[in-house]
Amino acid sequence: MTFKPVPATVAAVSDSFVPDGVIATSVEAVVNWGRRNSLWPFPFGTACCGIEFMGVVSSVFDISRFGAELVRFSPRQADLLIIAGTITYKQAPVLRRIYDQMCEPKWVISAGACATSGGFYDCYCTVPGIDEIIPVDIYIAGCPPRPEAFLEGLVQLQNKIAREHLKEQKAVGA
Amino acid sequence: MSTAAGKGISGEGDVRSWKREPIKPGKSDDQLQALAAERFGLARDAKDRWNLTMTLAAGQAKAKLHEVVRVLRDDPELRFDMLLDLAAIDYLSYPNHRGPRFAVVYLFKSLVFRHRFKLKVEVEEDDAELPSIHDLYRIADWSEREVFDQMGVVFSGHPNLKRILNHHEFIGHPLRKDYPCQKRQKLSINDPMVDQLESRLKHFGYQVVDSGEVHLGAPIAAKHQSVAEQGSVDTQKQKNAAGAVGAGGI
Ligand code: SF4
């Protein structure tokens, strides 16, 4: 865990004033720490990558080691949208609506070749990458990505969240 | 197969009471070929060198197709009671092809005799229309919609001939050889497909008051009432729950 350096004034006060067992830090660091270690994923599994996501959640790979095991099936209770599978144009408005229903702050992982680029479905019905429809934070390569790659993607996202600034919250629906 | 098939709704007839008949010896390909030639005047398709395919010419299809299929299904010696598949072919870029551009292929199987039959119906490009056989085989309902969606062959008499795989804003028929296969078409608003849901609900006694909202019709309400009296279930609660199904919308 890497906290941003505490502003000098706070540190000076804490040295003389704050009793033992109390640490001084910034609100931003605490909030980001909480957010990135308790991600609640909403799995949008539409194809084979969805099966791989089940492997990630199972005890062998165990996504709960990273605090993201509380899989929700309502977008209103989730803050991490994991798209694992092929997205067709017929499905695109549904995906967009689910994204819109999630509360801020929210993040999106595009898992696998299909969600990221359309994969080998270079045809009339498949969306060539879900970033045509919704913003994406992390892309995971693979067809399907191995569970380790999923976890790597999750850790990358956690690092990204740690660097976020509260003042620069994403605009709603951006 | 009787009344419900006409409405395009499944749910009639109890599957559990259906008993399989013992398998009887069926007809050979040669016998089927002779029979089809004699009864319907069909010709064997020379392009199919491995199996038996009988061809129905484009000019005769509209008048004869429905009757031919009905006889195939009902004749006691044939009894093709299963429509395995229904697919279309576009011969646009087929080497050395002469004749109509499209063909619709029907694959039949008999569960009693275990013989199979392939019927190829030629379809002209500027008159791409065939009679629907959804009243003979319920599965043809969706298969015909698929052929219409992907190839643009119209099935006259179909109760609900709309796209089934592609979205409702799609223009063109993507499996035609002259459709550029990478041409993508975006969808702005998805189709909730409540029309089919509503027809099913109506079939089970619900009454559709407003699109997306479902209320209990008289027969079902009466049924719930009696259940409530027997098992002391709160009827109002049940009504509310049933209302919520519809009120949620899609
Ligand atoms: S990327 Fe590969 S494994 Fe994942 S959904 Fe597409 S085809 Fe399936």
Side-chain angles (χ1 to χ4, degrees), chain A residues 42-50 72-78 81 83-103 108 110 112-136 139 143 172-174, chain B residues 87-90 92-93 102 128 141-153 160-197 211-213 241 244-250:
Chain A
F42 178 96
F44 197 84
T46 52
C48 4
C49 278
R72 296 279 110 179
F73 292 98
S74 162
R76 299 185 195 278
Q77 298 171 346
L81 181 58
I83 291 102
T86 324
I87 303 296
T88 59
Y89 277 111
K90 199 173 178 178
Q91 221 170 11
V94 178
L95 175 59
R96 175 75 214 193
R97 176 180 277 203
I98 284 182
Y99 176 79
D100 288 343
Q101 284 174 338
M102 290 169 66
C103 299
V108 177
S110 159
C114 282
T116 304
S117 68
F120 44 71
Y121 301 106
D122 191 5
C123 67
Y124 58 92
C125 56
T126 306
V127 178
I130 53 155
D131 42 16
E132 277 207 354
I133 313 160
I134 54 174
V136 176
Y139 298 89
C143 177
V172 174
Chain B
I89 307 169
D90 184 358
L92 184 67
S93 51
F102 298 107
D141 183 342
W142 279 21
S143 307
E144 285 174 354
R145 279 175 67 183
E146 185 180 343
V147 170
F148 161 72
D149 183 3
Q150 301 281 46
M151 279 290 196
V153 178
N160 185 24
L161 194 67
K162 58 179 212 174
R163 292 184 182 274
I164 189 167
L165 296 177
N166 294 295
H167 56 74
H168 63 117
E169 291 172 11
F170 203 92
I171 296 166
H173 302 283
L175 289 199
R176 286 192 172 190
K177 295 290 177 200
D178 50 4
Y179 184 91
C181 79
Q182 282 155 338
K183 185 180 159 204
R184 297 174 162 88
Q185 301 193 21
K186 288 192 180 176
L187 171 65
S188 56
I189 301 167
N190 66 314
D191 176 12
M193 292 186 279
V194 280
D195 52 338
Q196 284 169 72
L197 182 72
S211 196
E213 198 182 333
V245 171
I250 298 168

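Atom set for the values below is all heavy atoms of this structure, side chains included, hydrogens, waters and symmetry mates excluded. Convention: sequence-line order gives letters A, B, ...; per-chain numbering from 1.
Only the backbone of A:Thr126 has a heavy atom closer than 4.5 Å to any heavy atom of chain B. Residue contact with chain A, scored on non-hydrogen atoms closer than 4.5 Å, involves the backbone of B:Lys183 exclusively. Looking at A:Glu132, only its side chain comes within 4.5 Å of chain B, counting heavy atoms on both sides.
Rounded to the nearest 0.5 Å, atoms CD1 (B:Ile189) and CZ (A:Arg96) are 14.0 Å apart. How far CG of B:Asn166 is from NZ of A:Lys90: 7.5 Å, rounded to the nearest 0.5 Å.
Annotation: B:Lys177, atom NZ; neighbour count of heavy atoms from other residues, nucleotides and ligands within 6.0 Å does not exceed 12.
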I'd like to know whether A:Tyr89 forms a side chain to side chain contact (heavy atoms under 4.5 Å, CB included) with B:Gln185, so could you lay out the CA-CA distance, the side-chain angles of the two residues, the decisive distance to 0.1 Å, and finally the verdict. CA-CA 7 Å; A:Tyr89 277 111; B:Gln185 301 193 21; over 6 Å; no
